[in-house]
Amino acid sequence: MLKIYNTLTRSKEVFTPRVAGKVGMYVCGMTVYDYCHVGHARVMVVFDTVVRYLRYLNYDVTYVRNITDIDDKIIHRANENGEDFHALTERFIDAMHEDEDALSVMRPDIEPRATSSIHDIIAMIEKLIANEFAYVGTNGDVFYAVDKFKNYGQLSGKNLDDLQAGERVDVDLAKRNPMDFVLWKMAKEGEPFWESPWGNGRPGWHIECSAMSTCCLGNSFDIHGGGMDLQFPHHENEIAQSEGATGEKFVNLWMHNGFVRINEEKMSKSLSNFFTVREVLKQYRSEIVRFFILSSHYRSPLNYSDESLNDANAGLTRLYTALRDVEILEAEIDAEYKMRFEEAMNDDFNTPVALAVLFDIVRELNKTKSPVLAATLKSLASILGLLQDNPESFLKFRFGDSLTGDFHLNSNLSEEFIEQQIQARIDAKKAKNWGLADQIRDELKAQGIILEDSPDGLTRWRRE
RNA sequence: GGUUGCGUAGCAAAGCGGUUAUGCAGUGGCCUGCAAAGCCAUCUAGAGCGGUUCGACUCCGCUCGCAACCUCCA
């Protein structure tokens, strides 16, 4: 029985979809004005894993993740670059797709874009005005009147009095209430715009997600996800907008993933302490990054450091090493391990425990070389998007920058040369010339190549 | 100031009111020409102070420390 932590109730709940066997899930995606960083990677990997597991449980999942392709930062960046904002967003959408492909993140079923949803956005704002949840401010912008929505603050546990007491709220004279937020923004000179009943302008960020999710999944749907930081105000505002417009319950279950941190501090653009996915992938293989992300629970903070990535590499290497040289019998799965794995995942997607189950399989597999256990390991790991590579190619993989041919990071030596050296060492061993044999092995080790002799007289190798 | 969450061994990271988490690293063995990999064994725990309990890392309270949100942010 799958239990998921619901931010709305702050407790784990038994997951019950609105329609038996079907799940509608929406996740707030990226604002595409720059490359994705590791924090974005976490959202992609976490919810990809959620979808994989729901599908493994035979749910018919419709996974929607939007693209915010119009907003202040995009306009600002496009102006800086002196390029059309469309050209900018297309570039970063392509880059985002490259990053997620690298991380074995399956594409969402629907990727709506804000700029393709303007009609739906305008229709929703019109409804909100008709229902008296929204008004046109003195500057022509359309605002949402938060005090009209009685449950405002239910998701984040805030109330309007506390919020108004906060000192970080800008006073905007065009609004009736400082907490009111913009639904439609009038275009300034030179900014991109769309026609609307309120004049030429563009949508506010929050209304985009309400319109896109409702449009793709209906007035009500099962799961809405995103980063912790979106809880307030973004998701709070989405609830106010969607429920204000439709009068129906918007979302049953809210999932929020924790942050990636660097030195105990949130990784973010504004703190300039972020690593982009493509930077990291020059140093670590993508599957290591995925393993690293799944090695802590999705709601916990995840500290990014070379040490933790190296640990992830060591762990993943152990998993792949166990699959080397074993027959995999696809037809059978060990029921006991399968059950333990499912228990872990059923407990709010507890991937660290699920990984621990995989390591338990490895210990037994290393002893027994059982084809059934090998199949169990590979099959369960696939639910996490791991271990689908060929073990030999994983262990011999030369990583680095394939564009520049800069492979020195874990050895620049070619396979031909390595095989040649191994043969020379085998000859030395046959002549019981241990000194030479050890010298060859040490030299290769210094170049990042580990040799392992097996009992049958063969020598195999892997890159560190 | 308000709200939310966290504090586990050398590092990372889980569950659990009483019984081995797990990975990396360490130590002792087995294996090996020696290694590596693997196997077996094993040492390091639960911020502090109270309370509940036969028994608490686990529940409750307080204190201290950390993070996030209250402004755009995954």
Side-chain angles (χ1 to χ4, degrees), chain A residues 7 10 27-31 36-44 46-47 65 68 71-73 76 153 155-159 161-170 179 181 205 225-234 236 256-261 264-271 274 291-292 294-297 299-303 305 307-319 321-322 324-325 343-344 347 350-360 362-367 369 395 429 432-435 437-438 441-442 445 450-455 459-462:
Chain A
T7 307
R10 305 207 180 272
V27 170
C28 288
M30 264 47 83
T31 300
C36 293
H37 64 232
V38 182
H40 300 116
R42 190 175 192 190
V43 180
M44 296 196 283
V46 160
F47 288 103
R65 193 187 62 207
T68 298
D71 94 321
D72 288 348
K73 284 179 177 166
H76 184 73
L155 180 68
S156 51
K158 300 175 189 302
N159 64 59
D161 292 339
D162 293 341
L163 287 166
Q164 282 168 28
E167 290 164 11
R168 299 167 75 184
V169 180
D170 284 338
M179 289 312 299
F181 56 90
W205 176 42
M228 289 258 193
D229 49 354
L230 299 187
Q231 242 173 74
F232 189 92
H234 185 55
E236 201 71 71
H256 291 99
N257 66 277
F259 295 124
V260 176
R261 294 191 201 170
E264 304 307 318
E265 212 176 32
K266 177 181 172 184
M267 177 186 286
S268 71
K269 294 264 166 73
S270 47
L271 290 168
F274 63 92
F291 182 98
F292 161 69
L294 295 176
S295 66
S296 81
H297 186 83
R299 284 189 282 120
S300 303
L302 179 62
N303 213 45
S305 67
E307 196 189 359
S308 39
L309 268 290
N310 289 336
D311 278 1
N313 184 19
L316 196 56
T317 299
R318 178 167 161 83
L319 295 180
T321 302
R324 192 168 57 171
D325 293 342
E343 271 173 6
D347 183 17
N350 196 332
T351 54
V353 172
L355 286 174
V357 173
L358 299 189
F359 281 107
D360 285 343
V362 162
R363 188 181 306 107
E364 194 178 336
L365 174 59
N366 282 335
K367 278 190 273 192
K369 301 289 173 192
L395 294 166
K429 280 173 66 178
K432 298 214 186 293
N433 186 347
W434 307 125
D438 291 351
R441 188 172 60 198
D442 291 346
K445 171 99 168 74
I450 312 285
L451 297 192
E452 298 171 7
D453 295 337
S454 51
T459 296
R460 56 178 155 205
W461 62 275
R462 64 189 162 90

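FYI, side chains are in, hydrogens and waters are out, and symmetry mates aren't considered; it's all heavy atoms of this structure. The chains referred to below are lettered A, B, ... by the order of the sequence lines, with proteins before strands, and numbering in each begins at 1.
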Integer angstrom distance from the [atom1] of [N] to that of [M]:
N	M	atom1	result
B/G23	B/A35	P	24 Å
B/U3	B/G61	P	15 Å
B/C54	B/G1	C1'	45 Å
B/C70	B/C60	C1'	29 Å
B/A47	B/C31	P	42 Å
B/C66	B/G48	C1'	15 Å
B/G10	B/U27	C1'	13 Å
B/A56	B/G50	C1'	14 Å

Measure distances between side-chain N and O atoms of A/Asp438 and base N and O atoms of B/G33, and say whether any donor-acceptor pair falls under 3.5 Å. yes

Does A/Arg42 get its side chain close enough to the base of B/A74, under 3.5 Å, for a donor-acceptor pair? no

Check for a donor-acceptor pair, side chain of [X] on one end and backbone N or O of [Y] on the other, with a separation under 3.5 Å.
X	Y	value
A/Ser300	A/Ser296	no
A/Asn303	A/Glu264	yes
A/Thr351	A/Ala354	no

Does B/G46 count as syn, meaning its glycosidic angle lies within 90° of 0, or as anti? syn

Does some side-chain heavy atom of [Y] sit less than 4.5 Å from a side-chain heavy atom of [X]?
X	Y	result
A/Lys369	A/Glu364	no
A/Lys269	A/Lys73	no
A/Met44	A/Arg65	yes
A/Leu319	A/Phe291	yes
A/Lys445	A/Ile450	yes
A/His256	A/Leu155	yes
A/Arg42	A/Asn257	yes

Given that both distances must come in under 3.5 Å, which nucleotide forms a Watson-Crick or G-U wobble pair with [N]?
N	value
B/C69	B/G2
B/A21	none
B/C59	B/G51
B/A9	none
B/A36	none

Can you pull every protein N or O that's under 3.5 Å from an N or O on nucleotides 8-11 of chain B?
from, atom 1, to, atom 2, distance (Å)
B/C11, O2', A/Glu307, OE1, 3.4
B/C11, O2', A/Glu307, OE2, 3.1

Just the rounded figure in Å: distance from [atom2] of [N] to [atom1] of [X].
X	N	atom1	atom2	result
A/Glu236	B/C69	CD	P	16 Å
A/Leu309	B/G23	CG	P	20 Å
A/Glu264	B/A12	CD	C1'	12 Å
A/Lys429	B/U32	NZ	P	12 Å
A/Phe259	B/C6	CZ	C1'	14 Å
A/Met179	B/C70	CE	P	10 Å
A/Asn313	B/A25	CG	P	11 Å
A/Asp360	B/G15	CG	C1'	13 Å

In terms of side-chain heavy atoms, does A/Asp453 have a donor or acceptor partner in A/Thr459 at a distance below 3.5 Å? yes

Tell me yes or no: between the side chains of A/Glu236 and A/Ser156, is some donor less than 3.5 Å from an acceptor? yes

Side-chain N or O of A/Thr459 versus OP1/OP2 of B/A35: is the shortest distance under 4.0 Å? no

Taking only the side-chain nitrogens and oxygens of A/Lys266, find out if one of them lies under 4.0 Å from OP1 or OP2 of B/C69. yes

Contact state string [nucleotides 36-45 of chain B, B base, S sugar-phosphate only, - no protein heavy atom under 4.0 Å]: BSSSS-----

Along RNA chain B (nearest heavy atom to each residue), the more 5'-positioned of A/Arg441 and A/Asn310: A/Asn310

Along RNA chain B (nearest heavy atom to each residue), the more 5'-positioned of A/Ala437 and A/Gly258: A/Ala437

If you check every side-chain atom of [X], which of [options] has the closest atom?
X	options	value
A/Lys158	B/A14, B/G2, B/U22	B/G2
A/Asp347	B/U22, B/G15, B/A35	B/G15
A/Arg10	B/A14, B/A68, B/G5	B/G5

Check whether the aromatic ring of A/Trp434 stacks on the base of B/G33, taking stacking as ring centres less than 5.5 Å apart and planes within 30° of each other. yes

Name the nucleic acid region contacted by [X], choosing base, sugar-phosphate or nothing; use a 4.0 angstrom heavy-atom cut-off, strictly under.
X	answer
A/Val260	base
A/Met267	base
A/Ser296	sugar-phosphate
A/His256	nothing
A/Gly157	sugar-phosphate
A/Ser305	nothing
A/Lys445	nothing
A/Gly225	nothing

Which label fits A/His37 and A/Phe274: parallel for a plane angle under 30°, tilted from 30 to 60°, or perpendicular past 60°? tilted

